[in-house]
*Asks:* 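Sharing a structure with you now.
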Amino acid sequence: MAQQPRRRPADPGGTHVPGPGRSSVGLPSITESARYALTEMGPRRGLLTLLSVNQADGFDCPSCAWGEPAPEHRRTAEFCENGVKAVAWEATRKRVDAAFFAAHTVTALRERDGHWLESQGRLAQPMHLAPGATHYTPITWDDALALTAARLRELPDPNRAVFYTSGRTSNEAAFLYQLLARRLGTNNLPDCSNMCHESSGAALKETLGDGKGLIAYDDISEHADLIIVVGQNPGTCHPRMLTALEAAKRRGARVIAANPLPEAGFGRFRNPQTARGLLGTGTRLADRWLPVRVNGDLALFAGLNRALTDLEDARPGTVLDHDFIDRYCEGFEAAVAAWRALDWSRIEALSGLSRARIEACAAEVLGADRVIVCWAMGLTQHRNAVATIREIVDFLLLRGNIGRPGAGPAPIRGHSNVQGDRTMGIWERMPDAFLDRLGDEFGFDPPRAHGLDTVGAIRAMRDGEVDVFVGLGGNFASATPDTQVTEAALADCALTVHIATKLNRSHLCPGTEALLLPCLGRTERDRQTSGEQFVTVEDTMAMVHASRGRLLPGSPYLRSEVAIVAGLGLALFGDGLGWRAMRDDYAVIRRHIEHVVPGFHAFEQRVRQPGGFMLPRAPRDSRTFPTATGKARFTVNPPTAADVPPGHLLLTTVRSHDQFNTTVYGLDDRYRGISGSRRVVFLNPDDLAQLHLRDGDLVDLISVNPDGERRAPGFRAVRYPTPRGCAAAYYPETNVLVALDATAIASNTPASKSIVIRVEPAAHRETGQ
Ligand SMILES: Nc1nc2c(c(=O)[nH]1)N[C@H]1C(S)=C(S)[C@@H](COP(=O)(O)OP(=O)(O)OC[C@H]3O[C@@H](n4cnc5c(=O)[nH]c(N)nc54)[C@H](O)[C@@H]3O)O[C@H]1N2
Ligand SMILES: Nc1nc2c(c(=O)[nH]1)N[C@H]1C(S)=C(S)[C@@H](COP(=O)(O)OP(=O)(O)OC[C@H]3O[C@@H](n4cnc5c(=O)[nH]c(N)nc54)[C@H](O)[C@@H]3O)O[C@H]1N2
Ligand SMILES: [Mo]
């Protein structure tokens, strides 16, 4: 971000805060990308690697799940600043090898922060922490897999094992992993999605019969008249979405953003791909910004639905799509009755937006034939998240904005293959039809009892009900809520096993015994006995495509995730299910997927086409709604919001521009004007004054929960235009504040964006960093 509206001197803690930015990307983004690529990868390796990101014959960017334009519309550089960081971070030349572990005890490493740990480089060799040992020491692959298999085999009950997945895992590895867990006899397959878009899946499945988003790339770029972006920060988290929004704007579409923070990505977008973008002032992306209160979105959409109903009452037959409603929907009457009974003063209080402002939005909706609503974590991580998303479905149903071009719900997924992992069966509650086909394909009887999700797994570990924890990627200790509880829960396991690319906090919260198994990343060549392999992924638009790494593996010891999971399968069960053939040739896995997972017919041929193929989604394809009743369902969602007692604030937790989840690339957040620290809390100027605090003061954040308080010490107060009573700070530093029991109704997603806190002057004077 280049434009800095007002510069303020660095505060005593060194945190520089010029205030929120008004434009995004542009030249600073290119300079920043080049710096990362050069430092981590070197010039030649850097350029070669970046030119194959998101190309039809290249690898899928390991950053977010945003999709690509059709192959003929792709550019030479089809990546963003954050994609470059993710690629450079993985393709770094630094290594964490046996010598590194010999030089550092686990206890010493625990003193380091996540940024330092991951900065040390790629994990280079399998490591073992023996019971009672102070250091990780090298172990052979055979011994590591045999040890894991032995511990799993010894379990009195397979449900005493937990198999966690993070969303970077390929379809092939995910399919094998769920097969392994179910063959062992458990559905304990928690994943990062439990903390991410679970609320979206729950709401969409219940109301429309399909938990996925219903749009394609060109619905945004070419067809929609109005795009509402709510609870999402695309400038940082899905930067290539700005290109699609820019295309929409250039043909006259309108954009409304609803966000408590005035994110720079909604200001002027200076497209780095065009001279106009680099040299000119760029395209202003949001026509309207609604500074909704944290957790005020249910009230906002209820208000919008109320306003639409009022407009219909005033001009019957001109506002709602009665043909669509009569033919495809149920529950309309009850929903309308509930909206008519709504009290505007309550909507205004909960949303923080005036009736006039909401009605002006409704008027804008009337001017748009085709409407898309995009959202991300700003909506999903609240107690009432599922109700909020159901209310958005109501909003779309009212005007038939589902199942036609340029319209529909668009939960924008996070991790690059989190959607694919779910499609492959990474879910603790897969439906029986899937389990039946899996059992038929491999000749065994998969368990039917639902397994543990992420929060359930932490509780079970805490309560001594789990002996073996296996993580296929991710950073379970830092990404989950209630950090202290989770770390102790991991330490309570007999064995923890992490399949990973980089060292992180989770690896330093070992069970009695622990293994660290280093794997190939997306950027690397994957050679098996039948030759070079590719893997497949699914983006947020349900496009399935191939991903092929180009770089030589970072160390001779690295194995692919597929080879590791298949190796564990062999060690556990012998070759009954054909693990060896699947490991040697991933096309064999894809053949099994074709038989088990709907929508994958002719998988191998179709995925070899440039750009891949789109999975079917019945509501989008044919206005067929596979709900319990076969109808799209209006629901009644009485507006609620987190209860914040006087003297308290509602804290939301967000990502900086310099991180990917728990991977912290650096300590700056350029678009919000922060540099040099992540321990900051954004506060409204009036709240600061009321707390007798000044900008730059050091404070502690204390969360208030039914089971007691939690403290996160040493944050700099930063004056920022958040709505009154609403605060924001970075994740994962604030995860200590999220009580394990504070989860969303019906999705069990940690409510990490509605934390009731108290702010106090810091008890100790030393700062974080
Ligand atoms: N660079 C980068 N890219 C990423 C990631 C990353 O960490 N870094 N993570 C990936 C993953 S896994 C995911 S899930 C996505 C996350 O993508 P986002 O969901 O966009 O990321 P968050 O920072 O969690 O931000 C949520 C946005 O919601 C706003 N918000 C917070 N609370 C509320 C609320 O109550 N209501 C409303 N309306 N808005 C609110 C915040 O101000 C912020 O703009 O990004 C993916 N891409
Ligand atoms: N307070 C708060 N908490 C949150 C959130 C929030 O907004 N606020 N967001 C939640 C969300 S949306 C998500 S998705 C979760 C994220 O939770 P996770 O997915 O568990 O966490 P990540 O930080 O993405 O995981 C990073 C680690 O993955 C490993 N890794 C990277 N690439 C690969 C690979 O190719 N293969 C393998 N095997 N390992 C790899 C590296 O070792 C790296 O350290 O966090 C959740 N937690
Ligand atoms: Mo996510």
Side-chain angles (χ1 to χ4, degrees), residues 62-66 80-83 85-86 89-90 114 117-118 123 164-170 173 191-197 229-239 257-263 265-266 290 292-297 300 375-382 388 412-416 418 454 471-481 498-507 517-522 561 564 641-642 650 652-663 665 682 722 726 728-735 737-738 749-750 752-755:
S63 197
C64 76
W66 183 252
C80 69
E81 177 187 337
N82 282 312
K85 289 179 188 167
W89 205 244
E90 179 178 299
L117 292 173
E118 285 213 24
L123 291 166
Y164 176 72
T165 314
S166 167
R168 208 171 265 186
T169 295
S170 66
D191 67 350
C192 65
S193 202
N194 294 143
M195 300 179 273
C196 187
H197 268 295
V229 183
V230 46
Q232 192 202 346
N233 182 15
T236 283
C237 291
H238 303 92
N259 198 311
L261 304 183
E263 305 288 26
F266 298 124
L290 300 174
V292 64
R293 285 180 54 80
V294 168
N295 195 216
D297 305 276
L300 163 61
W375 71 88
M377 298 304 102
L379 291 197
T380 62
Q381 300 171 335
H382 300 280
T388 303
I412 307 296
R413 306 275 159 181
H415 264 297
S416 51
V418 64
T454 293
L472 182 53
N475 186 355
F476 194 83
S478 297
T480 54
H498 293 281
I499 301 166
T501 51
K502 288 279 191 103
L503 185 63
N504 67 41
R505 179 81 187 173
S506 301
H507 310 155
L517 307 179
C519 65
L520 292 175
R522 288 268 174 85
E561 291 179 340
I564 297 169
L650 194 57
T652 187
T653 59
V654 298
R655 291 153 166 83
S656 82
H657 197 62
D658 231 1
Q659 75 181 90
F660 189 92
N661 297 341
T662 68
T663 295
Y665 302 121
F682 299 95
T722 63
C726 301
Y730 298 123
Y731 133 75
E733 287 79 352
T734 41
N735 287 37
L737 296 172
V738 187
T749 294
S752 49
K753 283 190 170 48
S754 306
I755 313 173

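Atoms within each ligand, like the ligands themselves, are counted from 1 in listed order.
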*Asks:* Which option, P234, G378, C196, owns the non-hydrogen atom nearest atom 33 (C) of ligand 1?
*Replies:* G378
*Asks:* Would you mind running through ligand 1 and noting each atom that sits below 4.0 Å from a heavy atom of H382?
*Replies:* 34 (C), 35 (O)
*Asks:* How does N295 reach ligand 1, by side chain, by backbone, by both or by neither, if only non-hydrogen atoms under 4.0 Å count?
*Replies:* backbone
*Asks:* Does E263 approach ligand 1 within less than 4.0 angstrom via side chain, backbone, both or neither, non-hydrogen atoms only?
*Replies:* side chain
*Asks:* May I ask you to list the atoms of ligand 2 that are less than 4.0 angstrom from any heavy atom of C519?
*Replies:* 36 (N), 37 (C), 38 (N)
*Asks:* H238: heavy atom below 4.0 Å from ligand 1, yes or no?
*Replies:* yes
*Asks:* Between E118 and T663, is the side-chain hydrogen bond (donor to acceptor under 3.5 Å, both in side chains) condition met? List the steps.
*Replies:* CA-CA 7 Å; E118 285 213 24; T663 295; 2.8 Å; yes
*Asks:* If the cut-off is 4.0 Å to any non-hydrogen atom of I499, which atoms of ligand 2 fall inside it?
*Replies:* 37 (C), 38 (N), 39 (N)
*Asks:* At under 4.0 Å between heavy atoms, which part of V292 makes contact with ligand 1: side chain, backbone, both or neither?
*Replies:* side chain
*Asks:* Show me which atoms of ligand 2 lie under 4.0 Å from any heavy atom of R168.
*Replies:* 31 (C), 32 (N), 33 (C), 35 (O)
*Asks:* For ligand 2, does H498 get within less than 4.0 Å through its side chain, its backbone, both, or neither, judged by non-hydrogen atoms?
*Replies:* neither
*Asks:* Based purely on interatomic distance, does E118 place a nitrogen or oxygen under 3.5 Å from a nitrogen or oxygen of ligand 2?
*Replies:* yes
*Asks:* Distance from F476 atom CZ to M195 atom CE, nearest 0.5 Å?
*Replies:* 6.5 Å
*Asks:* So is L503 polar-close to ligand 2, meaning N/O to N/O under 3.5 Å?
*Replies:* no
*Asks:* Could you list which atoms of ligand 2 come closer than 4.0 Å to a heavy atom of S166?
*Replies:* 18 (P), 19 (O)
*Asks:* Which is closest to atom 27 (C) of ligand 1 in terms of heavy atoms, S63, G231, C80?
*Replies:* G231
*Asks:* Just which atoms of ligand 2 are under 4.0 Å from any heavy atom in N504?
*Replies:* 27 (C), 42 (O), 43 (C), 44 (O)
*Asks:* Counting heavy atoms only, which of M377, H415, H657 is nearest atom 19 (O) of ligand 1?
*Replies:* M377
*Asks:* Would you check the N or O atoms of L520, main chain and side chain alike, for any that come under 3.5 Å of an N or O of ligand 2?
*Replies:* no
*Asks:* Is the shortest N/O to N/O distance between N661 and ligand 2 below 3.5 Å?
*Replies:* yes
*Asks:* Does ligand 2 come near enough to L472 that some N or O of the ligand is less than 3.5 Å from an N or O of the residue?
*Replies:* no
*Asks:* Below the 3.5 angstrom mark, is there an N/O of A258, backbone or side chain, next to an N/O of ligand 1?
*Replies:* yes
*Asks:* Among all protein heavy atoms, pick out the one at the shortest distance from atom 21 (O) of ligand 1; state its residue, atom name and that distance to 0.1 Å.
*Replies:* C237 SG, 3.4 Å
*Asks:* Purely on distance, is any nitrogen or oxygen of Y164 under 3.5 Å from one on ligand 2?
*Replies:* yes
*Asks:* For ligand 2, find out whether one of its N or O atoms is nearer than 3.5 Å to an N or O atom of T501.
*Replies:* yes
*Asks:* I need the atoms of ligand 1 closer than 4.0 Å to a non-hydrogen atom of C64, numbered in the order shown.
*Replies:* 47 (N)
*Asks:* From the options M195, R655, Q659, select the one whose nearest heavy atom is closest to atom 2 (C) of ligand 1.
*Replies:* Q659
*Asks:* Have a look at ligand 1 and work out which part of K753, if any, has a heavy atom under 4.0 Å from it: side chain, backbone, both or neither.
*Replies:* side chain
*Asks:* Under a 4.0 angstrom heavy-atom cut-off, which atoms of ligand 1 come close to N82?
*Replies:* 1 (N)
*Asks:* According to the interplanar angle, ranging from 0 to 90°, do the rings of W375 and H197 count as parallel (below 30°), tilted (30 to 60°) or perpendicular (above 60°)?
*Replies:* perpendicular
